[in-house]
Amino acid sequence: MSEQLKLIVEQLNRDPFRRNFNLITFDSLEPMQLLQILNDVLAEIDAKQAIDIREEMPEQTAKRMFTLLGMLKYKPPGSQSEASSFRQGLVTGSKPAVHPVLHWLLQRVPELKKRAYLARFLVRLEVPVDFLQDDVIAETFHQYEELLEAFKSCHKECEQLKNSGFSTAEIRRDIGAMEEEREQLLKRVERLRKRVESVAKHQHMLELARQLRLEKEREESLAHQKPEQKNQLFQAEQRLQRSELQLKDLRQAAADAKPESLMKRLEEEIKFNSYMVADKLPKELESKRLTVQYLQKVAAEPAMGQAELTELEDKIRETNVQINLLIEKRMMRNDPIDDKLSLFRQQASIIARKKEAKAEELQEAREEMAALERELNAKNSQARDQDGAELIRGDEFKRYVAKMRSKNTTYKKKRQEIAELRAEYGVLQRTEEILKQRHEVGLQQLQSVEVQKGISGYSDTQEELERVSAIKSELDEMKGRTLDSMSEMVKKLNSMISEKKSALAPVIKELRPLRQQCQELTQEYDEKKAQYDTCAAGLESNRSKLEQDVKGLREEVAQEENRYHYINAMKQVSVYMKNIAEQESLGKKLREQQKVVRETHGANMKQVKMWKDLEQLMECKRQCFLRAQSQVSVGQVIQEAGEDRLVL
């Protein structure tokens, strides 16, 4: 086991995982973290598995992992009877179940990558036979099978070329052929160079062509690097989100770090998980298993005819009759102990149903809470993308409130300073008004002096002339600068236009046939699109019509089925009523006969006894008569008054 852990830690610390684990930190991982590491290893093998398991239901995670492990042909250690325990351990993140899987995967990463890649194309799609009756689906499926075979052959050839080594003679022939091609290319380049030398500015054009080639090569390399960078960015974002969620969980746990609350929460989770594992999930699993077995049994049986269906219906009716008779016998017995037990059983079943309902409600509430948390995280990320801000809560909110209080104090101080500045501004404004009044008084005095001297308006004219001269000088300077800049700009634009024309001339020549080809392709696309739209509209109308027909037929079938079941039920009810009436009449007759028998029982018994005595007497007479005939007469029998006398 220690060697297994060493190998796992060593492989996880290498590229591309780089986890920086040691034996202690790896062994102390929580089950959810261990499952996430397993999921990351599976994502390295198949990129489709790159999912945060906390954003996925446990059943979906288990199903996805089991499917991929089955596709990779992983066989769990132990016998077949231990497979269920392995599945349960993998779902719960148990170390004895996860460590062997990691050990097996990390030893075979390149091989498993190849197997996962081939499985994407070689796993056949199962199409029902009924669907293959359609010609379009059958033709598409045939093309799909042909493409599978073509992929197999291409992959086989590729593997053969990778594994097969070339001989030296073949390499020499290839080198000779490449040297000949090189000489031909050199000659062609020389001819093109001579042809280009006669063109003006050919060196500049060659330099531009070289730069274009380098940029295209750089563009191709960047295009190859782009998906890798995207994948690395996606994985980094996932790791960042997981880290942020872990940090938030830890902060929330630290905010509510009372031992009593933690213990209470853990006890509730343990009780709920124990109930789910020990009671609810096994029942659901058993019911699903029985349903699957029943469906497999039904699917394995051959199709039944009308006679067999009628026979089954008769058996069902007979069984129902027997069940009803047993229920009547049980009701007639009226055992008080059974009544109490049935009452307790009903109460227990009601409590069990309520318990299951509450467990389902709790599970739904947890799923809803997980969905809301995902939505909250999405809203937070959206808010960060929009304005760079993030919603805060817990200790951060408390710190934010304290910060706002300090800002409020600063705001009050600043407001007081603003009030002082406003008062000072009022004083300065009053001073300005006083100075303006004094200036007006001085102007009036100056004008009166000008009038007295005979030079009225001299000061205004002088100021206006100074202002106009200043504006004129500024305009002259601006015109000079503008003309210089415009002339320089015109020169630059002319040079740039000539350079662009010379640079774009070969591109325009290449672009002309491409434009014509684009027009042709656009016209062809419009025609094909019109054909497609027409065909799609026809198919859509046919589909809607067929859907309406199918809907009407389904409704008709449902009505007929309801009518059929109603008639059968009424038929059975009429039969049952007839049988009940017959049995009631028969019971009435039997009760009357019983009454007559009870009334005549004593007289009849006396009459029976007299008949038996008479029979014995007659038998005695017959025996006497027979003996009298068989023996010699020894006397005379005299009959008188109904009596017989023997006289010797």
Next on the checklist: Checking Q623 against E619 for the side-chain hydrogen bond (donor to acceptor under 3.5 Å, both in side chains) test, could you report, in this order, the C-alpha distance in whole Å, the side-chain angles of both residues, the deciding distance, and whether it holds?
Outcome noted: CA-CA 6 Å; Q623 292 294 333; E619 183 65 23; 3.1 Å; yes
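- Nearest heavy-atom pair across L38 and M65 is CD2-SD, 4.0 Å.
- Looking at heavy atoms from C-beta onward, E560 lies in side-chain contact with R563 at the 4.5 angstrom threshold.
- The shortest distance between side-chain heavy atoms of Q293 and L290 falls below 4.5 Å.
- Looking at T25 and V9, their side chains never come closer than 4.5 Å, going by heavy atoms from C-beta outward.
- By the neighbour-count criterion of 12 heavy atoms within 6.0 Å, atom CD of E139 is sparsely surrounded, having that number or fewer from other residues, nucleotides or ligands.
- By the 4.5 Å heavy-atom criterion applied to side chains, L106 and L7 are not counted as neighbours.
- You'll find the side chain of D40 reaches within 4.5 Å of the side chain of Q36, heavy atoms only.
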Next on the checklist: For a side-chain hydrogen bond (donor to acceptor under 3.5 Å, both in side chains) check, start with the C-alpha distance between E146 and H142, then their side-chain angles and the critical distance, and finish with the verdict.
Outcome noted: CA-CA 6 Å; E146 290 178 352; H142 182 64; 2.7 Å; yes
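- Using a 4.5 Å heavy-atom threshold, the side chains of Q11 and Q107 count as separate.
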Item to check | Stepwise side-chain hydrogen bond (donor to acceptor under 3.5 Å, both in side chains) test for N568 and Y564 | outcome: CA-CA 6 Å; N568 281 340; Y564 168 74; 3.1 Å; yes
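- To the nearest 0.5 Å, atoms OG1 (T600) and NZ (K606) are separated by 14.5 Å.
- Taking CD of E313 as the start and CD of Q572 as the end, the distance is 9.0 Å to the nearest 0.5 Å.
- You'll find the side chain of L553 reaches within 4.5 Å of the side chain of E556, heavy atoms only.
- By the 6.0 Å contact criterion, OH on Y532 is open, its count of non-hydrogen atoms from other residues, nucleotides or ligands being 12 or less.
- In this structure, CG in N39 is found 8.5 Å from CG in L35, a value given to the nearest 0.5 Å.
- Every residue two or more places apart in sequence or in another chain was checked for a salt bridge (Lys or Arg N to Asp or Glu O under 4.0 Å) with E364, and none qualifies.
- Of the inter-residue distances, the one linking Q583 atom CD with L590 atom CG reads 9.5 Å to the nearest 0.5 angstrom.
- Taking CG of L148 as the start and NZ of K152 as the end, the distance is 6.5 Å to the nearest 0.5 Å.
- In this structure, CD1 in I37 is found 12.0 Å from CG in L42, a value given to the nearest 0.5 Å.
- Using a 4.0 Å cut-off between a side-chain N of Lys or Arg and a carboxylate O of Asp or Glu, R543 and E547 qualify as a salt bridge.
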Next on the checklist: Between L614 and M610, does the side-chain contact (heavy atoms from CB on, under 4.5 Å) criterion hold? Intermediate values first, please.
Outcome noted: CA-CA 6 Å; L614 180 61; M610 291 174 66; over 6 Å; no
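- No more than 12 heavy atoms of other residues, nucleotides or ligands sit less than 6.0 Å from atom CD of E615.
- D46 places none of its side-chain heavy atoms less than 4.5 Å from the side chain of L112.
- A salt bridge is absent between E592 and K595: the closest approach of a Lys/Arg side-chain nitrogen to an acidic carboxylate oxygen does not fall below 4.0 angstrom.
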Item to check | Intermediate values then yes/no, side-chain contact (heavy atoms from CB on, under 4.5 Å), E145 and E149 | outcome: CA-CA 6 Å; E145 290 181 342; E149 297 298 329; 5.7 Å; no
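- Electrostatic pairing of E111 and R115 counts as a salt bridge here, judged by a charged N lying under 4.0 Å from a carboxylate O.
- Electrostatic pairing of E286 and R289 counts as a salt bridge here, judged by a charged N lying under 4.0 Å from a carboxylate O.
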